[in-house]
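Notes for the one structure printed next.
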Amino acid sequence: MSNVFDMTAWLETPLMKAMSGLDQTKIQTLTQNLMQAGLEAQALMADMAALQEKAPPAPQRPDPFGALGVQMKIAQAIASQPQQASQAMTKYMAGWMNLFQSMAM
């Protein structure tokens with residue numbers, strides 16, 4: 001399993017094409033930093049999920065809606081497929097960037 005992100009597809013998105021006049025090195029650096037932050041967040045979520053599995057339920061922190069089990073399954077699914085999760089996060093970030101770009105024009 002590789003944590004290396006292929007930026008070719010990202011650089012071909014409409015947003016990146018619109019930003020083609022900007023310094024590509026800075027854009028690439030920003031994208032790599034965002035991806036690294038996403039990978040670190042995934043690792044933290046996986047660590048948290050592992051700790052939650054080992055820890056007994058705390059009586060002072062009840063789960064009144066029964067959502068903890070579902071949240072754990074989501075975190076485990078994200079941690080088990082880092083490439084797919086990183087692509088989804090990239091798409092999510094691109095959506096926000098497109099939204100901000102459309103608001104700025």
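Please read all numbers here as calculations on a predicted model, not as lab measurements.
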S102 side, atom OG; M97 side, atom CE - distance, nearest 0.5 Å: 12.5 Å
So how far is it from M103 CE to L99 CG, rounded to the nearest 0.5 Å? 5.5 Å
Please go through M72's hydrophobic cluster and name the other residues, only I, L, V, M, F, W, Y counting, with side-chain heavy atoms under 4.5 Å joining them. L68
List, by chain and then residue number, the residues other than V70 in its hydrophobic cluster (Ile/Leu/Val/Met/Phe/Trp/Tyr, side-chain heavy atoms under 4.5 Å); write none if there are no others. M45, I74, I78
Just to verify, what does Q76 make a side chain to side chain donor-acceptor pair (under 3.5 Å) with, not counting sequence neighbours? E53
Residues passing the side chain to side chain donor-acceptor pair (under 3.5 Å) test with Q84, sequence neighbours excluded, are none
Taking only residues two or more places apart in sequence or in another chain, which ones pass side chain to side chain contact (heavy atoms under 4.5 Å, CB included) with L30? L34
Counterpart residues, side chain to side chain contact (heavy atoms under 4.5 Å, CB included), relative to D47 (two or more places apart): none
Find out whether [X] and [Y] are in side-chain contact, i.e. whether some heavy atom of one side chain is under 4.5 Å from a heavy atom of the other.
| X | Y | answer |
| --- | --- | --- |
| Q87 | K91 | no |
| M48 | L44 | no |
| N98 | Q101 | yes |

Closest heavy-atom pair, G38 versus M89, reported as atoms and distance to 0.1 Å, is O-CE, 3.8 Å
Relative to each other, are the rings of W96 and F100 parallel, tilted or perpendicular (30° and 60° limits)? tilted
Ignoring hydrogens and geometry beyond distance, is a side-chain donor-acceptor pair present between Q32 and Q36 at under 3.5 Å? no
